[in-house]
Amino acid sequence: MNQNGEVLGDVVKATRKSRHLSQEALAERIGVCKRTIIDIESNTGNPKFEVLYPLVRELDLPLYQVFYPEVKENLELKNVLMQEVSSCSEYELKIILAMVKSLRDTLKN
């Protein structure tokens, strides 16, 4: 099994457990059988997009962990920031962007 599959299984299992979900409960939430979750977590399953998409959404998995496991940089803070920004209105985004640019300029000097 390649590194991506191993990482996916590890991330899914750890996240599922941290949310106190059983394999069966997770399977029900994303519309698959329990065996599919078992296979993914044991790195014997290579999920199709139709399974991967709802799995990533349900567990709110950071995409960098799924698709770029080799990235050593801790992107967790960037992920949290993106989650916060995703719920902002267009007006709020414009203000936040201006503030971030100004803050970055200040920090660079």
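FYI, the numbering just counts along the sequence from 1.
- Looking at residues two or more places apart in sequence or on another chain, you find a salt bridge (Lys or Arg N to Asp or Glu O under 4.0 Å) between R35 and D39.
- Distance CZ/R16 to CD/E58: 12.5 Å, rounded to 0.5 Å.
- Side-chain atoms of L8 and N46, non-hydrogen and from C-beta on, never get closer than 4.5 Å to each other.
- P54 and I30 get closest at one heavy-atom pair: O-CG2, 3.6 Å.
- Between the CD1 atom of I96 and the OH atom of Y91 there is a distance of 11.0 Å, given to the nearest 0.5 Å.
- Shown here are the side-chain contact (heavy atoms from CB on, under 4.5 Å) partners of E28, two or more places apart in sequence or in another chain: E24.
- Here the CG atom belonging to N109 is positioned 11.5 Å from the CZ atom belonging to R104, to the nearest 0.5 angstrom.
- Proximity of I95 to C88: side-chain heavy atoms (C-beta onward) are nowhere separated by under 4.5 Å.
- For E92 (side chain) and S89 (main-chain N/O), a donor-acceptor pair under 3.5 Å exists by modelled atom type.
- Tested against K34 for a side chain to side chain contact (heavy atoms under 4.5 Å, CB included), the candidates V32, T36, I37, I38 yield a single pass: I38.
- With hydrogens and angles ignored, the 3.5 Å screen pairs a side-chain donor or acceptor of T106 with a backbone N or O of S102.
- Looking at heavy atoms from C-beta onward, L52 lies out of side-chain contact with I40 at the 4.5 angstrom threshold.
- Taken to the nearest 0.5 Å, the OG atom of S42 stands 8.5 Å off from the NZ atom of K13.
- Here the side chain of T15 pairs no donor or acceptor atom with the backbone of V12 at under 3.5 angstrom.
- Side-chain atoms of D60 and R19, non-hydrogen and from C-beta on, do get closer than 4.5 Å to each other.
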